[in-house]
Number of protein chains: 2
Amino acid sequence: MSMAEPTDIDDSETVSLHQRILSDIREKILSGTWAPGHRIPFEHELTAEYKCSRMTVNKALSQLAKAGLIERRRRSGSFVRQPQSQAAVLELHDIRIEVEALGLPYRYERLDRLKRRSNVEDRGLLGLAAAGSVLWLEGLHFAGERPFALEQRLINLSAVSEAANEEFLEIAAGPWLIGRVPWSEAEHRIRAVAADETVADALDIDPGAPCLVVERRTWSAEHPVTHVRFIYPAGSHTLVARFTPSQG
Amino acid sequence: MSMAEPTDIDDSETVSLHQRILSDIREKILSGTWAPGHRIPFEHELTAEYKCSRMTVNKALSQLAKAGLIERRRRSGSFVRQPQSQAAVLELHDIRIEVEALGLPYRYERLDRLKRRSNVEDRGLLGLAAAGSVLWLEGLHFAGERPFALEQRLINLSAVSEAANEEFLEIAAGPWLIGRVPWSEAEHRIRAVAADETVADALDIDPGAPCLVVERRTWSAEHPVTHVRFIYPAGSHTLVARFTPSQG
DNA sequence: ATGGCGATTATGTATATACATATTGAAACG
DNA sequence: CGTTTCAATATGTATATACATAATCGCCAT
């Protein structure tokens, strides 16, 4: 069993050499052949093994380092890192897409719209330092006849002034904002709560029934753009997150 | 206002050139200066602009492409991509860390442990094709005197045979598995549920009270390793996910 | 011992060059 | 007029080379 062979199985696919080096090494790490702490071969050794230039090996190793699988130390070499903080990529689809994926007709209905000067709570939610105009929106997403999610949103009008002219009567602000305002950063908070009177009423569920709450704050180049809270009745929604350590 | 200047503000920091090119372009995209669909300068133009070799420019653009911010087309150039599916990096900390971050003493207590041949349900949860031995574990994580989370876990003993010898009386299987088994893939499902009798009893809450459920399936190099379900009483836990489009 | 110092070494970044490959646009042809 | 062919072009990958930088090792002097 050749242990350091440059992949004797011909992948038959046309992959670049640095990519093959990368996945060879990744495989050794993920399979446990090279345990955390293990020193992987020096660049010049891999250069000899794969009969290529150092730049090619370097490209593969740099990517593995950026992906967090290995750690590189000058003069010492490259080492397999300890499995780090678990992280997962959370896919957050548009609600319309989710509903339509269920084969149900989608509909949005605005419940409330209010332009106002930001109060302390608004500024807390948005992360604003100074007062300014905000737009408060509340609406319901329907899957068929049943309420699918309640949306409560604050938009920072200093950042997105055009939003003041929109009614958002039948389209949710989410799709409107996406494409118009490029986000640069977002933060999500996910938790379970019991439905209070208002929420239960809107979603047509019993007060006290469990709900999944997803809150999202979005920034565009440092400026707070919007804070939105989605409230899903238990059962209507499952968030799915998938994780693979490094990109192929 | 110079629009295509190579960052006239001296960053004063020692960053590599390809990195500066990368963040210059990223900034233009995130600020909206270059809207989705916009063709960013050709490599040879950036080469002239930054007075560097094409390889340096290429490194920056390749990374932007891999990060999903731009799309590269041969003979046509590179284009700013439409804001894609929202994705977020979910941080999933060790429960001990979370509890200790609250300043509370952490304790784990095993409730149940059973080695058995996998039944149909087990195989469904783990994603196993054939029958085999599994280890069923149930335990409680405490924050101080109060139950913080209920853990229900299945371990595929064909993948992690050493687990059969562990008692997991006072240490949870999570920390034990991490470091021993390098994961290569994981899938999470997050939802809200009402506590049933058993869960309510274990967590010392009222039946029907809302709970946050996080389920995780883990694979190591194609082999299912474990399926774990964490059940948090509402209020005890908030998942936080942060997102920045591309790495610096 | 021990503390400093220079040589050695592996990685980090950048260059100039070369050829491959996909795609486009225009010319040539039936 | 439609189709084929071909050259031009931008990106994709790889090489050889060069110098910078950080960390370590071993030598030497205190």
Side-chain angles (χ1 to χ4, degrees), chain A residues 4 6-7 10-26 29 34 37-81 246-248, chain B residues 4 6-7 10-26 29 34 37-81 246-248:
Chain A
T7 325
D10 184 348
D11 257 315
S12 88
E13 309 234 0
T14 341
V15 279
S16 52
L17 180 50
H18 71 259
Q19 194 130 356
R20 211 185 80 204
I21 300 177
L22 189 153
S23 53
D24 278 7
I25 295 175
R26 181 179 48 191
I29 294 173
W34 289 346
H38 180 270
R39 209 210 74 226
I40 78 174
F42 295 128
E43 289 188 352
H44 69 262
E45 295 177 295
L46 291 169
T47 289
E49 193 177 319
Y50 286 92
K51 300 190 205 320
C52 64
S53 75
R54 184 166 84 88
M55 281 302 293
T56 304
V57 169
N58 185 282
K59 196 166 186 173
L61 294 188
S62 302
Q63 287 188 37
L64 282 168
K66 177 170 298 187
L69 272 189
I70 68 173
E71 184 189 333
R72 313 200 71 193
R73 284 201 291 274
R74 280 169 151 142
R75 170 68 214 245
S76 309
S78 306
F79 301 81
V80 178
R81 291 224 311 185
S246 112
Q247 71 288 41
Chain B
T7 325
D10 185 349
D11 256 315
S12 89
E13 308 233 359
T14 341
V15 278
S16 53
L17 181 49
H18 71 259
Q19 194 128 357
R20 210 186 80 203
I21 301 176
L22 189 153
S23 53
D24 278 6
I25 296 175
R26 181 180 47 192
I29 294 173
W34 289 346
H38 181 270
R39 209 211 73 228
I40 77 173
F42 294 128
E43 290 189 350
H44 70 262
E45 295 177 294
L46 291 169
T47 289
E49 193 176 319
Y50 286 93
K51 299 190 206 321
C52 64
S53 74
R54 184 166 83 88
M55 281 303 293
T56 305
V57 169
N58 184 284
K59 196 165 186 174
L61 294 189
S62 302
Q63 286 187 37
L64 282 168
K66 180 170 297 185
L69 272 191
I70 69 173
E71 183 188 334
R72 313 200 71 195
R73 284 200 290 275
R74 279 170 152 143
R75 169 68 213 247
S76 310
S78 306
F79 300 83
V80 178
R81 292 224 310 184
S246 113
Q247 73 287 42

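Order of the sequence lines fixes the chain letters, A, B, ..., with proteins taken first and strands second; residue numbering starts at 1 for each chain.
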Just jot down the side-chain hydrogen bond (donor to acceptor under 3.5 Å, both in side chains) partners of A:S76, sequence neighbours excluded, or say none. none
Partners of A:R75 by side-chain contact (heavy atoms from CB on, under 4.5 Å), sequence neighbours excluded? none
For A:T47, all residues meeting side-chain hydrogen bond (donor to acceptor under 3.5 Å, both in side chains), sequence neighbours excluded: none
Residues which pass side-chain contact (heavy atoms from CB on, under 4.5 Å) with A:R74, listed by chain and number, not counting sequence neighbours: none
Sugar-phosphate atoms are those with a prime plus P, OP1 and OP2; base atoms are the rest. Using that split, label each nucleotide of nucleotides 9-18 of chain D B, S or - for protein heavy atoms under 4.0 Å, 5' to 3'. BBBBBBBBBB
Tell me, please, which residues at least two apart from A:A48 pass side-chain contact (heavy atoms from CB on, under 4.5 Å). none
